[in-house]
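Convention: sequence-line order gives letters A, B, ...; per-chain numbering from 1.
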Amino acid sequence: MKNNFKNEAITRLEDDYAQWYTDVCRKAELMDYSSVKGFIIYRPYGYAIWENIQSYLDKRFKQTGHENVYMPLVIPTSLFQKEKDHVQGFAPETLIATIGGTTKLDDPLIIRPTSEVLFCEHFSKIISSYRDLPKKYNQWCSVVRWEKTTRPFLRGSEFLWQEGHTMHETELEARQEALDMLQIYNDMGKDVLAIPFITGIKTENEKFAGAVETYTIEALMPDGKALQSGTTHYFGDGFAKAFNIKYQDRNNTLVNPHQTSWGVSTRLIGSIIMVHGDDNGLSLPPYIAPTQVVIIPIQQNKPGVLAKARDLKARLDKLGLRVKLDDSDRTPGWKFSEYEMKGVPIRLEVGPRDLENGHISGAKRYNSEKFVMEDADLEKTIVPLLSDIHDAMYQKALTYLLDHTTEAHSLEELDEVLNTKLGYAKVMWDGDLEGLKLIKERFSATARCMPFNQAGFSDKCIVSGKKAKYLVVVAKAY
RNA sequence: CGGGACGUAGCACAGCUUGGUAGUGCGCCUGGUUCGGGACUAGGAGGUCGUGGGUUCGAAUCCCAUCGUUCCGACCA
């Protein structure tokens with residue numbers, strides 16, 4: 001083992017999970033800190049992951065009839081205050097600009113923590129007939145929330161996200177929209193992030209400020225904590241009334257439309273880091289990995305090696321894959337470690353030995369398994385291999401999720417699940433928020449959601465012992 | 001926002017107690033030899049000691065403030 005290994009190494013997972021996470025963020029060059037608390041720099045490698053998530057979602061949004069728009073960065077305080085619940089929810093964490101040029105502003109400008117009110121104001125101007133509905137808008141942007149505790153990707157003062165905002169004629173259609181978008185998020189987990197979610201409805205106390213219903217995708221981290229990874233909301237017509245959004249319906253009556261909003265953020269990157277990472281660093285699922293295949297020439301000055309490496313790259317490029325050939329003058333060992341740390345799913349090696357035998361050596365990042373293939377088989381092997389890797393990574397995460405989802409029949413069992421076994425506890429609940437409050441105070445755990453799958457296992461509330469109405473998933477959370 | 005720790009070269013740190021020329025390892029640059037799991041060698045570059053103020057002939061070192069990072073709580077995507 002070389003001296004510098006110590007310097008470059010990341011903290012071991014089991015030694016200090018939080019430190020491991022921070023080490024991976026920085027050493028895999030996903031981000032860097034800026035000089036303002038909670039505002040991070042998304043470095044190219046981290047930003048590229050976000051771009052890949054974006055490109056998947058943007059396509060899905062457009063296929064389902066949504067249009068991208070861009071709203072202003074700032075919201076006049078007076079406008080922000082129109083919807084009461086919304087203000088109460090977000091006022092404590094707003095960043096406000098009070099001076100423009102040399103003039104003190106009469107109506108200070110709030111840097112958007114979310115853009116509901118901007119969309120509402122705009123919708124009130126452009127919606128006047130049922131023929132204007134539905135309006136299905138999405139915005140890619142960043143928002144600012146003045147957070148007290150910040151962590152890279154998981155909680156920042158500024159983060160990148162998309163926020164969808166839609167208006168509909170009927171409650172049914174709006175509720176369906178919220179559920180449809182949740183399904184797209186869930187697909188994203190399964191199809192590109194290789195992360196399984198528990199999906200369900202938020203309890204009253206965990207809902208978005210101003211929402212009638214909040215739906216959520218909840219991921220489970222290896223330390224047993226839940227990470228809310230995306231939410232969709234049905235707003236009813238509350239905002240519409242507050243912002244005077246009205247249209248004439250098919251019966252010539254003036255009515256308020258029904259509204260939704262939904263979003264996922266760069267927090268997903270944090271989720272990917274934790275769900276798939278290990279002691280060697282990042283391990284990226286193939287479909288969002290900025291580099292899917294890295295080619296490392298061995299003894300690249302020997303005749304034919306570099307030419308073969310370039311040949312492989314050209315052939316993989318032709319398949320539409322994201323491929324990197326590292327022909328820098330670092331040693332192969334250094335490159336192996338580097339790309340493992342950065343989580344590149346597949347490594348291919350080409351050296352004199354491979355040239356001689358007409359084959360290609362390689363290794364899979366997620367399980368460190370090495371393989372050898374015939375040169376001629378490259379094209380027909382690599383795409384299915386990426387797909388297999390994705391499936392295996394998803395399966396591994398799913399197995400963990402299932403193994404760490406446990407029914408708790410009593411508070412003692414709940415304690416056992418939350419503090420010893422770790423992960424999600426399924427509990428039966430009578431619907432009284434006091435019970436959830438007690439759980440939170442005693443275990444610092446919250447109701448993550450009432451899962452759509454309400455297969456109950458008892459008719460007694462875990463707290464009160466009264467007749468249970470709902471199945472709730474409880475966990476400690478980020 | 002409350003409690004703890006930390007801030008000196010890109011990274012990890014020493015120096016501070018007892019004020020007096022800013023150091024070590026890795027990384028980085030140039031050349032040569034290497035190359036199948038973080039190579040070796042010769043030479044070289046790089047620092048407002050987080051920032052602001054104070055004490056002093058003199059501050060990385062002592063004092064005050066402030067900003068940032070991190071951990072534990074409370075709050076939140």
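Across all strands shown, B/C75 remains unpaired; no Watson-Crick or G-U wobble contact has both distances below 3.5 Å. Shown here, B/A5 forms a base pair with B/U69; the pair counts as Watson-Crick or G-U wobble because both key distances fall under 3.5 Å. When both distances must be under 3.5 Å, the Watson-Crick or G-U wobble mate of B/U24 is B/A12. The pairing partner recorded for B/U30 is B/A42, the criterion being a Watson-Crick or G-U wobble arrangement whose two distances lie under 3.5 angstrom. Checking B/U17 for Watson-Crick or G-U wobble geometry (two distances, each under 3.5 Å) identifies no partner in any strand. In this structure, B/C35 forms no base pair with any nucleotide, since neither Watson-Crick nor G-U wobble geometry is met with both distances under 3.5 Å.
Comparing the C1' positions of B/G2 and B/U61 gives a spacing of 30 Å, expressed to the nearest Å. Annotation: B/G7 and B/U51 have their C1' atoms spaced 11 Å apart (nearest Å). Look at the P atom in both B/U24 and B/A42: the space between them is 16 Å, to the nearest Å. B/G15 and B/A60 are spaced 8 Å apart, taking the C1' atom of each and rounding to whole Å. For the P atoms, the distance from B/G19 to B/G10 is 29 Å, rounded to whole Å. Comparing the same atom, P, in B/C26 and in B/G73 gives a spacing of 39 Å after rounding to whole Å. Taking the C1' atom of each, B/U34 and B/C6 are spaced 41 Å apart, rounded to whole Å. Nucleotides B/A59 and B/C1 place their P atoms 33 Å apart, quoted to the nearest Å.
Both the sub-6.0 Å distance and the 45° axial angle are satisfied by A/K342 relative to the ring of A/Y45. Because its NZ or CZ atom is not both nearer than 6.0 Å to the ring centre of A/F443 and within 45° of the ring axis, A/K476 does not count as a cation-pi partner of that residue.
Residue contacts for A/G156: at a heavy-atom cut-off of 4.0 Å it reaches a base atom on one of the strands shown. Residue A/D354 is in base contact, counting any heavy-atom pair closer than 4.0 Å across all strands shown. Using a 4.0 Å heavy-atom cutoff across all strands shown, A/P297 reaches no nucleic acid atom at all. At the heavy-atom level, A/N301 lies under 4.0 Å from base atoms of the strands shown.
For A/K37, the side-chain atoms get nearest to B/U69 when compared with the rest of B/U69, B/C35, B/C71. In the set B/G37, B/C11, B/C71, B/C11 carries the atom at the smallest distance from any side-chain atom of A/R26. Comparing B/A77, B/G38, B/G36 against the side chain of A/S265 picks out B/A77 as the nearest. Of the candidate nucleotides B/U70, B/G36, B/C1, B/U70 has the atom lying nearest to any side-chain atom of A/P152. Between B/C75, B/U70, B/C35, one nucleotide has an atom nearer to the side chain of A/I298 than all others, and that is B/C35. Between B/A77, B/C75, B/C71, one nucleotide has an atom nearer to the side chain of A/K440 than all others, and that is B/C75. Across B/G37, B/C71, B/G36, the shortest atom-to-atom separation from the side chain of A/K370 is found for B/G37. Of the listed nucleotides (B/C35, B/G73, B/G38), B/C35 has the atom at the smallest distance from the side chain of A/P332.
Of the two residues contacting RNA chain B, namely A/S34 and A/E349, the nearest-nucleotide position lying further toward the 5' end is that of A/E349. Take the nearest nucleotide of RNA chain B for A/N205 and for A/R347: the residue whose nucleotide is more 5' is A/R347.
The shortest distance between the side-chain N/O atoms of A/K27 and the OP1/OP2 oxygens of B/G10 is not below 4.0 Å. An OP1 or OP2 oxygen of B/C75 is reached within less than 4.0 angstrom by no side-chain nitrogen or oxygen of A/R145. For A/Y33 and B/U70, the shortest distance from a side-chain N or O to OP1 or OP2 is below 4.0 Å. The side chain of A/R330 contributes an N or O atom lying less than 4.0 Å from OP1 or OP2 of B/C28. Distances shown here put a side-chain N or O of A/T331 below 4.0 Å from the OP1 or OP2 atom of B/A39.
Counting distance only, with no hydrogens placed and no angle test, the side-chain atoms of A/S229 and the base atoms of B/A77 include no donor-acceptor pair under 3.5 Å. For B/G73, its base never sits under 3.5 Å from the side chain of A/K148 at any donor and acceptor pair. Looking at A/Q299, its side chain has no donor and acceptor atom pair within 3.5 Å of the base of B/G36. Below the 3.5 angstrom threshold, one finds no donor paired with an acceptor across the side chain of A/S35 and the base of B/G68.
The two residues A/Q259 and A/A174 come nearest to each other via the heavy atoms N-CB, 4.3 Å. In terms of heavy atoms, A/V264 sits closest to A/W161 at O-CB, 3.1 Å.
The local environment of NZ in A/K190 is sparse, with at most 12 non-hydrogen atoms from other residues, nucleotides or ligands closer than 6.0 Å.
A/R347 and A/E338 are not joined by a salt bridge, as no carboxylate oxygen comes within less than 4.0 angstrom of a charged side-chain nitrogen. Using a cut-off of 4.0 Å between Lys/Arg side-chain N and Asp/Glu carboxylate O, A/K82 and A/E121 are scored as not salt-bridged.
Taking the six-membered ring where tryptophan is involved, the planes of A/H86 and A/F239 are perpendicular, since the angle between them exceeds 60° and thus also 30°.
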